[in-house]
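What you see below is based on every heavy atom in this structure, not just the backbone, and it leaves out hydrogens, waters and symmetry mates. Order of the sequence lines fixes the chain letters, A, B, ..., with proteins taken first and strands second; residue numbering starts at 1 for each chain.
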Amino acid sequence: MEQRSGSTWRMTVNEKKFIEDALVADLRIDGRRPFDYRRITIKFGREDGSSEVQLGETHVMGYVTAQLVQPYRDRPNEGTLAIFTEFSPMADPSFEAGRPGEYAIELGRVIDRGLRESRAVDMESLCVVAGKSVWAIRVDLHILDNGGNLIDAANIAALAALLTFRRPECTVGGDNGQEVVVHDPEVREPLPLTMHHLPVAVTFAYFGEGGIMVIDPSYKEEAVMGGRMTATINSNGDVCAIQKAGGEGVVSSVIMQCLRIASVKAADITSKIKNAVDAYNTERALQKVKRQSSSVAQNINIPDVTMKESNDDNASASNQTEMLVDEPERISKSEVYRSAQTITASIGDSTKRDKDTTMIGGPSNWDPYSKGISLSLIRSPKPLAGPVAVAKEQNEERMTQNPGEPNPEETTLPNSGPVESSDVSQRPSSPKSLKDAVKPKNRRKNKGAKNTS
Amino acid sequence: MDTPTNLVDKPVVPGDVVLDLSTMANQTIKLGAGLRQDCDTISAMKAGKLRLSKPNKYWIESSQKRYVPCVEDTVLGIVVDTKPDNFLVDIKGPNLAFLPVLAFEGGTRRNIPKFEIGTLIYARVVKANSIMNPELSCTDAGGKAAEFGPLKDGYMFETSTGLARMLLSSPMCPVLEALGKKLSFETAVGLNGRVWVNASSPSNVILVSNAIMRSEFLSGTQQRIMVEKLMDRLQ
């Protein structure tokens, strides 16, 4: 006796007959026309390379990660791409946790074929050291809600995630040119993947004797359909992959018609994906601008902190050189600036090495932007007011007004300019001499009042 | 009688004490779904609205997507299997329900109806408790057919139990009224959250079903406006 719980959805003969009858009259049960897609929403997560796509009621999440691995022996200078799918049981009562079912494997394979065989992702740019280490890109697709047409939604999620993914930059160095140094994303801007084109999957469902077809079948239409075909096409009209696994037979003229319709739809979807990705990148760039200033400001301010503490010079000098060695990729101007700082006579220092490290790369215990520095300060023709104000606030926070020190903001003034602009606007300019910078200390308080306003 | 509780028609959550029996002596109270007696108090077990039917019937109305079978509910079931003695019918509850092959008007061993798997049946719940499979019948209490039985053609969709109750409420719900003014259609609503719609043309069926599906969280006026907009779009 069947005691299955009532959570599995069952089809009635009435529905099957009605869906087919309505399709004869070109009507679909949710009011769409036969070649209409449902509404597509593309959202991005906080991390680079995570996307969330909603196609009507279908909900898919994509997530891209990268790792350095050894390449395959027959392709020593190409990276690898792997697609993993996870059909969560919350998406559909028929999905079971654990081993992927047949449909899950088919979905992963279709998306993989569309991306790999059409060479959508540039594999050779992922090579770091030929034969030794390449980047392996892994795309995880999580199905959150099955509302029909998982292949299309998952494909859009994979594309959106790949377009917004950033891999860490790495340089090859060391003695034999084989050592790979992976740079922290905070230190060096991570790089996007090179995508040559966007293969978009368009799924058709066939009903009746193969005469009626619709695009983007919903859950009930999928249960009633006789066969399904997925065509992966890019906006140039190149067919990247076609998948028709079983089901009703269709004439070749119908297939050609489907491909024509699919290329139109693919162009439409490609533009939607690109718009969403552009909006995300703009927002990200805006955030990046702020972050760059803050990390540069931190470097400049460390000597400021050291000045206040007034410990012995030797320790400070050694600290400075340590810092120089540790970050060989640091912009040369900042190095110049720092060595200039060590020369300046009355620089005290902070022997707290760990304070230096905590400041570089992480605004952990103080965030200059918590006081709300506007971008205009940073971008103004005196681009020095930004970190200067930061330094001023830093001084205020510490509440040590050591009169014996040279004005921190004055010293930062000329040199933070070139340092910062080399990050932000790439304007090279030689650092002015510190003599210009060191001004009488009683001017500091006025300047400070001006800057923090 | 003074209203012993001021929570009638208000939302309650599990644990709320809705009635204090010590203040009411010598009264018979009938408790419906979602209420439970704890010595001297009646407390709520489900989240929903407390309802009172004068003089003394209290119950809690809530809306879920799953259905808990109750006696005398009219439900829409889908035939899943046929056995010699009864049909196994899915009514969206935790267990499959049994529909005896003889529970039809004039049903004898000679004229047992033949239902294929997937037939939609409008039936009445006769027995329901948490231990056994529920039992259905396609006759009313007097043995007459009274519209029960298989439903032909049309389109069935699933809703929450709250929407099903709203569609069956006694001053007709605004969305059905507004639709009925312009279109002619027939519906069968199951309290287990299934609605069947049939009309002369598929476009009318699609229009009615989409209008009903969207009307769950709208107020009366909003429902009428929505129906008007849908009609305008189609004409």
For atom [atom1] of [X], decide whether the heavy atoms of other residues, nucleotides or ligands shown that lie under 6.0 angstrom number more than 12.
| X | atom1 | answer |
| --- | --- | --- |
| Lys272(A) | NZ | yes |
| Lys274(A) | NZ | no |
| Glu105(B) | CD | yes |
| Glu57(A) | CD | no |
| Glu47(A) | CD | no |
| Gln222(B) | CD | yes |
| Tyr63(A) | OH | no |

(request) Of all the heavy-atom pairs spanning Ile206(B) and Gly31(A), show the shortest one and how long it is. (result) CG2-N, 4.1 Å

Would you give the length of the straight line joining atom [atom1] of [X] to atom [atom2] of [Y], rounded to the nearest 0.5 angstrom?
| X | Y | atom1 | atom2 | value |
| --- | --- | --- | --- | --- |
| Thr12(A) | Asp90(B) | OG1 | CG | 11.0 Å |
| Asp26(A) | Ser203(B) | CG | OG | 12.0 Å |
| Met213(B) | Asp30(A) | CE | CG | 8.5 Å |

[X] portion near chain A, given a 4.5 angstrom heavy-atom threshold:
| X | result |
| --- | --- |
| Asn210(B) | side chain |
| Lys65(B) | neither |
| Ile117(B) | backbone |

(message) Checking Asn14(A) against Lys152(B) for the side chain to side chain contact (heavy atoms under 4.5 Å, CB included) test, could you report, in this order, the C-alpha distance in whole Å, the side-chain angles of both residues, the deciding distance, and whether it holds?
(response) CA-CA 7 Å; Asn14(A) 313 48; Lys152(B) 284 214 179 50; 5.6 Å; no

(message) Applying the side-chain contact (heavy atoms from CB on, under 4.5 Å) criterion to Glu15(A), which one of Trp196(B), Phe157(B), Tyr155(B) satisfies it?
(response) Tyr155(B)

(request) Please flag which part of Lys16(A) lies under 4.5 Å from any non-hydrogen atom of chain B: side chain, backbone, both or neither. (result) neither

(request) Just give me the residue among Ser209(B), Pro202(B), Ser201(B) that pairs up with chain A most often, heavy atom to heavy atom, under 4.5 Å. (result) Pro202(B)

(request) List the steps, then state whether side chain to side chain contact (heavy atoms under 4.5 Å, CB included) holds for Val205(B) with Phe18(A). (result) CA-CA 9 Å; Val205(B) 175; Phe18(A) 177 73; 3.5 Å; yes

(request) Could you walk me through whether Ile78(B) and Arg10(A) pass the side chain to side chain contact (heavy atoms under 4.5 Å, CB included) test, one step at a time? (result) CA-CA 8 Å; Ile78(B) 303 179; Arg10(A) 292 174 214 277; 4.1 Å; yes

